[in-house]
Amino acid sequence: METSQFQIPNPPYDIIILGASGFTGKYVVREALKFLNTPSSPLKTLALAGRSHEKLTKTLQWAAHPSSPPPDVSIIIADTTDPPSLVSLCNQTKLLLNCVGPYRIHGEPVVAACASSGCDYLDITGEPEFMEKMEAKYHEKAVETGSLIVSACGFDSIPAEMGVMFNTRQWVAPAVPNHVTAYVSLESDKKIVGNFATYESAVLGVGSMDTLQEWRRSRPRKPRPVIPGPPPPKGPIIEYQEKIGLRAVKLPSADAVVVRRTLVTLMENPCGLPGINESPEHIEKREAYWSSVKPAHFGVKIASKSLLGIYRIIGVGVFLGLLSRISFGRWLLLKFPSFFSFGWFRKTGPSEEEVSSASFKMWFVGYGFSDSNLASERNSKPDMQIITRVMGPEIGYVTTPISLIQCALIVLSQRENLPKGGVYTPGIVFGPDLQERLQENGVSFDLVSKTALRGPAAA
């Protein structure tokens with residue numbers, strides 16, 4: 001196996017979780033403990049890192065409950081404002097899981113330390129600006145050192161990436177997809193409550209949208225995949241999707257950006273990214289998988305069964321849009337999150353009961369052509385619809401840790417089958433192996449329907 005000259009051989013830990021005592025971090029620890037030293041798991045050694053030894057110790061006790069904390073899980077003091085402490089972490093582990101957000105504030109020093117040392121890195125950010133800038137700034141260094149850097153390994157954007165690829169793989173030749181829309185429906189027997197850090201990231205992200213657009217315009221344009229047929233129509237602001245019984249509005253999220261980056265990488269590497277020292281079996285599996293994934297326009301909408309729910313979503317969007325662009329407005333939004341989000345976000349986060357009662361459904365409604373030749377005809381309209389669905393438990397504290405830990409286990413168990421290094425999206429790195437692992441851990445993928453369309457396709 002080819003190894004980087006920058007890596008320290010045989011570091012003491014398989015995984016270090018940075019930010020382990022945070023809201024999401026402690027759930028990541030709990031998920032990791034399920035696989036620590038189990039017979040078929042590659043995770044044999046684990047450490048927790050953060051600023052407070054006391055908080056990390058309490059996190060370990062909480063995550064292990066009702067059992068006693070494993071005696072061999074180490075506690076390490078580190079801080080994102082202390083670069084030497086981050087370099088020390090990288091020198092002690094094969095893989096660093098970064099749970100410290102908002103990433104636009106705290107993330108770059110961690111990525112920089114990993115890229116320079118050759119340590120592999122995963123995170124759960126949903127911040128497009130952070131991800132795009134890290135790729136632009138650290139990709140070449142990470143390739144050089146053999147550091148595999150993959151962001152968006154949580155609910156942002158694993159269900160979206162794996163879901164859209166699952167949908168496009170249902171289009172069997174000569175059929176081809178044209179566009180796929182994901183409808184995200186959050187469900188709960190109790191109140192739905194989100195993480196304050198997620199809300200904070202959204203406030204800061206909307207506030208810097210103009211800066212991000214300006215930065216994107218300054219970057220070299222990458223070629224886009226060729227998608228059969230015309231671009232999809234924009235459609236109404238509030239859409240009623242009859243087949244799934246939901247109303248929906250467009251959701252500005254990282255998912256569409258991440259999926260687009262994966263499709264661009266796939267266009268440049270039609271068989272996927274080759275591994276360092278790939279087995280013949282994995283080469284065959286990788287090439288078969290990626291040959292069945294097809295490009296399509298992709299967008300995300302947030303859905304609700306009730307019109308009132310849609311109006312609440314729009315209201316939150318209006319508050320964010322109006323107030324995030326000025327400093328006093330951001331102060332108000334972050335000072336009173338529950339008020340401006342109509343109770344969806346609060347600084348204390350959800351209770352255990354609220355987490356356990358919540359779930360999500362993501363419907364992927366794809367439109368395309370029963371024969372690729374139809375796509376090139378003048379004034380052509382899709383004549384076929386395929387609906388698939390991804391379902392799972394609560395998004396921020398259950399599905400996100402499941403997704404992150406399954407990605408981590410792939411890194412540990414199949415490192416030779418993965419790219420040497422670089423900054424990538426999760427789909428292009430983990431695509432051939434991740435869906436099966438998610439299905440074994442509570443996230444399901446289903447084909448709902450294949451339908452021939454008689455009239456014009458909906459947006």
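What's counted below: heavy atoms across the whole structure, side chains too, no hydrogens, waters or symmetry copies.
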List the atom pairs, with distances to 0.1 Å, where a side-chain N or O of residues 26-36 and a protein N or O form a donor-acceptor pair under 3.5 Å, not counting sequence neighbours.
unit_1	atom_1	unit_2	atom_2	d
Tyr27	OH	Glu352	OE2	2.4
Glu31	OE1	Lys34	NZ	2.9

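How far OH of Tyr397 is from CD of Glu354: 10.0 Å, rounded to the nearest 0.5 Å. In this structure, the separation between CD1 on Ile302 and CZ on Arg312 is 10.5 Å, given to the nearest 0.5 Å. With rounding to the nearest 0.5 angstrom, the OH atom of Tyr424 is 13.5 Å from the OG atom of Ser151.
By the 30° and 60° cut-offs, the orientation of the rings of Phe196 relative to Tyr199 is tilted. Ring geometry for Phe364 versus Phe298: interplanar angle under 30°, hence parallel rather than tilted (30 to 60°).
A salt bridge does not link Lys190 to Glu353: none of the charged nitrogens lies less than 4.0 Å from a carboxylate oxygen. In summary, Arg389 and Asp446 engage in a salt bridge, as defined by a charged side-chain N under 4.0 Å from a carboxylate O. Under a 4.0 Å N-O distance rule, the pair Lys250/Glu239 does not qualify as a salt bridge.
Shown are Arg260, Arg104, Arg219, Arg216; of these, the salt bridge (Lys or Arg N to Asp or Glu O under 4.0 Å) with Glu132 is made only by Arg216.
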Open item on the list: Quick one, Glu135 with His139, criterion side-chain hydrogen bond (donor to acceptor under 3.5 Å, both in side chains). Give me CA distance, side-chain angles, the key distance, then yes/no.
Closed with: CA-CA 5 Å; Glu135 180 185 22; His139 177 73; 5.5 Å; no

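Here the closest non-hydrogen pair linking Gly368 and Trp171 is N-CH2, 3.2 Å.
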